Amino acid sequence: MEKPRIVSGIRPTGPLHLGHYLGVLKNWVSLQEYYECFYFVADWHALTSEYKNPSIIKDSTRDIVRTWLSVGIDPDRTVVFRQSDIKAHSELFLLLSMITPLAWLERNPTYKELKEELKEKDIGTFGFLGYPVLQTADIVMYHADKVPIGEDQLPHLELAREIVRRFNYIYGGSILKEPKEILTQTPKVPGLDGRKMSKSYNNAISINETPESLRQKVMQMLTDIKRKTKKDPGEPRDCNLYPFHEHFTDEGTREEIASGCRNATIGCVECKEILIKNMEREFSPIWDKLAYFEGKDLLIDDVLKQGARKARKIAETTMDKVREVMHV
Ligand code: TRP
Ligand code: SF4
């Protein structure tokens, strides 16, 4: 039986950090087993917020693909491509925009929120309002059965389904497919300062740390403030570091750490050493691959070229049908 298909994208607005790794990439890697996957770099979507400062987009695109390959996205099984290489996405975006009521976009919660949040970026643009229409084009172009996304993206997927229903209603039949979501858990790892891990807060652990910088960052992390010395008992729930153990440390050791923390028999430095060791074990094969791909831009570009070839084939078939029913 054919595997169901999934499509998902990441906006290239900077290096990927541990939050992306735990929340998105690990998931993407394992989905390759059960799905035919299309993973793409959404560079046009990045432009919606970075249009005044677009120079990071191209390098960031290569950087992201390098990271994908290093964590185990396999371009032999998975179609890896760049959105702007498939011009048909922009054509489908245009055609879908013809049938998308303005009110659907204006009530989109991410539009309302981000507009507030990114005031300094002047985001009251036509392109930004149309963001979910472009996202719909990305998804339905490949007849995706499912889309792995975080909770924040759910309104966009709902909008995609509404646009598909309207399209199929107006033009008849079932030319476009309604996508379902695969909801991915947002990992509960805070940034170094305890706030949400984010590039813009400058508190992120990158996927591409060196052993030294990783150690430095972990050592600098705030722990339970009640633990002024090793003799003061603490509470893992009040510690910024402990959530990391949930991802990198086995359950038995974790329980030992938790009770050691509460009974003041383990110190924070010791606890951090355990985490560093476990993170190094998980990341060293990834670091090796990142080092291997470093500077090999031609190889990365070639992966994108192969991916674009496969994606374009399907995109053109979809567009033939869409153009036909829309008489253009
Ligand atoms: N909007 C998504 C995000 O910011 C990125 C994205 C663009 C996407 N096109 C997509 C995700 C299509 C899934 C499917 O995370
Ligand atoms: Fe956090 Fe570990 Fe220190 Fe407890 S011992 S406060 S879990 S770093």
Side-chain angles (χ1 to χ4, degrees), residues 5-13 16 19-20 23-25 27-28 31 37-50 64 81-84 86 89 92-93 108 110-111 113-114 128 130-142 144-157 159-160 179-184 186 190 194 218-246 249 253-276 311:
R5 189 176 284 169
I6 67 178
V7 172
S8 201
I10 291 186
R11 299 176 337 121
T13 55
L16 301 181
H20 298 110
V24 182
L25 298 183
N27 209 12
W28 281 18
L31 287 167
C37 299
F38 287 66
Y39 296 143
F40 69 97
V41 182
D43 54 348
W44 279 334
H45 275 112
L47 268 185
T48 60
S49 60
E50 310 301 318
I64 284 174
F81 66 102
R82 175 191 359 231
Q83 184 183 38
S84 66
I86 314 296
H89 286 227
L92 188 54
F93 165 61
N108 168 25
T110 56
Y111 175 69
E113 276 165 34
L114 275 179
F128 188 67
Y131 185 113
V133 184
L134 180 58
Q135 186 164 352
T136 303
D138 300 336
I139 296 166
V140 302
M141 185 69 87
Y142 305 99
D145 297 287
K146 291 189 182 170
V147 181
I149 41 166
E151 197 164 7
D152 63 312
Q153 294 290 309
L154 272 179
H156 291 175
L157 203 67
L159 203 59
K180 293 191 175 63
E181 70 273 6
I182 297 177
L183 202 56
T184 53
T186 313
V218 171
M219 284 300 170
Q220 159 201 341
M221 273 165 59
L222 298 173
T223 62
D224 183 353
I225 46 165
K226 291 192 292 300
R227 303 211 66 189
K228 291 197 184 58
T229 72
K230 190 178 161 180
K231 287 196 219 79
D232 303 311
E235 173 51 55
R237 268 193 300 271
D238 300 329
C239 172
N240 283 318
L241 186 99
Y242 192 76
F244 289 85
H245 281 297
E246 310 262 1
T249 304
T253 313
R254 232 161 47 215
E255 276 165 17
E256 271 175 48
I257 289 173
S259 69
C261 176
R262 291 184 182 116
N263 303 326
T265 54
I266 175 180
C268 291
V269 171
E270 200 182 329
C271 183
K272 287 177 168 181
E273 290 290 356
I274 298 172
L275 178 66
I276 291 169

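Atoms within each ligand, like the ligands themselves, are counted from 1 in listed order. Nothing here was measured: the structure is a model prediction, and the numbers come from that model. We use all heavy atoms of the structure for the numbers below, so side chains are in, but hydrogens, waters and symmetry mates are not. The first residue of the sequence shown is numbered 1, and numbering continues consecutively from there.
Here C271 meets the criterion, with an N, O or S atom under 2.8 Å of atom 2 (Fe) of ligand 2. Look at C261 and atom 4 (Fe) of ligand 2: an N/O/S atom of the residue is under 2.8 Å from the metal.
Counting the atoms of ligand 2 from 1 in the order shown, those under 4.0 Å from a heavy atom of L241 are 8 (S). Counting atoms of ligand 2 from 1 in the listed order, those under 4.0 Å from a heavy atom of D224 are 6 (S). Heavy-atom contacts of R11 reach the following atoms of ligand 1: 4 (O) (cutoff under 4.0 Å). Listed by number with element, the atoms of ligand 1 under 4.0 Å from a non-hydrogen atom of V147 are 13 (C), 14 (C).
Given atom 5 (S) of ligand 2, the protein heavy atom at minimum distance is R227 NH1, 3.1 Å. When hydrogens are left out, the protein atom nearest atom 2 (C) of ligand 1 is Q153 OE1, 3.3 Å; that is the closest non-hydrogen contact. For atom 8 (C) of ligand 1, the nearest non-hydrogen atom of the protein is Q135 NE2, 3.5 Å. Of the protein's non-hydrogen atoms, C239 SG, 2.4 Å is the one closest to atom 1 (Fe) of ligand 2. The closest protein non-hydrogen atom to atom 3 (Fe) of ligand 2 is C268 SG, 2.3 Å. Closest to atom 7 (C) of ligand 1 among all protein heavy atoms lies H45 ND1, 3.3 Å. If you check which protein heavy atom lies closest to atom 9 (N) of ligand 1, you get D138 OD2, 2.8 Å. Protein heavy atom at the shortest distance from atom 4 (O) of ligand 1 is Y131 OH, 3.1 Å. Among protein heavy atoms, the minimum distance from atom 6 (C) of ligand 1 is reached at G9 O, 3.9 Å.
The side-chain heavy atoms of W44 and D138, taken from C-beta on, include no pair separated by under 4.5 Å. Within the 4.5 Å cutoff, no side-chain heavy atoms of C37 are placed close to those of W28. Considering only heavy atoms from C-beta on, K146 comes within 4.5 Å of I6 through its side chain.
For Q135 and H45, the side-chain atoms include no donor-acceptor pair closer than 3.5 Å. Donor-acceptor pairing under 3.5 Å is lacking for the side chains of Q153 and E181. When only modelled atom types and interatomic distance are considered, T184 and N27 share no side-chain donor-acceptor pair under 3.5 Å. Side-chain contact, T265 with N263: no donor N or O sits under 3.5 Å from an acceptor N or O.
Checking only distances, H156 never comes within under 3.5 Å of ligand 1, N or O to N or O. Residue S8 places no N or O, backbone or side chain, under 3.5 Å from any N or O of ligand 1.
Only side-chain heavy atoms of T223 come within less than 4.0 Å of ligand 2; its backbone N, CA, C and O stay farther off. Only the side chain of I139 comes within 4.0 Å of ligand 1, judged by heavy-atom distances.
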Worked verdict on F128 versus Y111 for side-chain contact (heavy atoms from CB on, under 4.5 Å): CA-CA 8 Å; F128 188 67; Y111 175 69; 3.7 Å; yes
Audit row: C261, D224, side-chain contact (heavy atoms from CB on, under 4.5 Å) steps and yes/no: CA-CA 10 Å; C261 176; D224 183 353; 5.6 Å; no
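Checking side-chain atoms of T253 against main-chain N and O of T249 turns up no donor-acceptor pair under 3.5 Å.
Annotation for E151: atom CD does not count as buried by contact number, only 12 or fewer foreign heavy atoms lying within 6.0 Å.
Ring pair H89/F40 is perpendicular by interplanar angle, where above 60° counts as perpendicular and below 30° as parallel.
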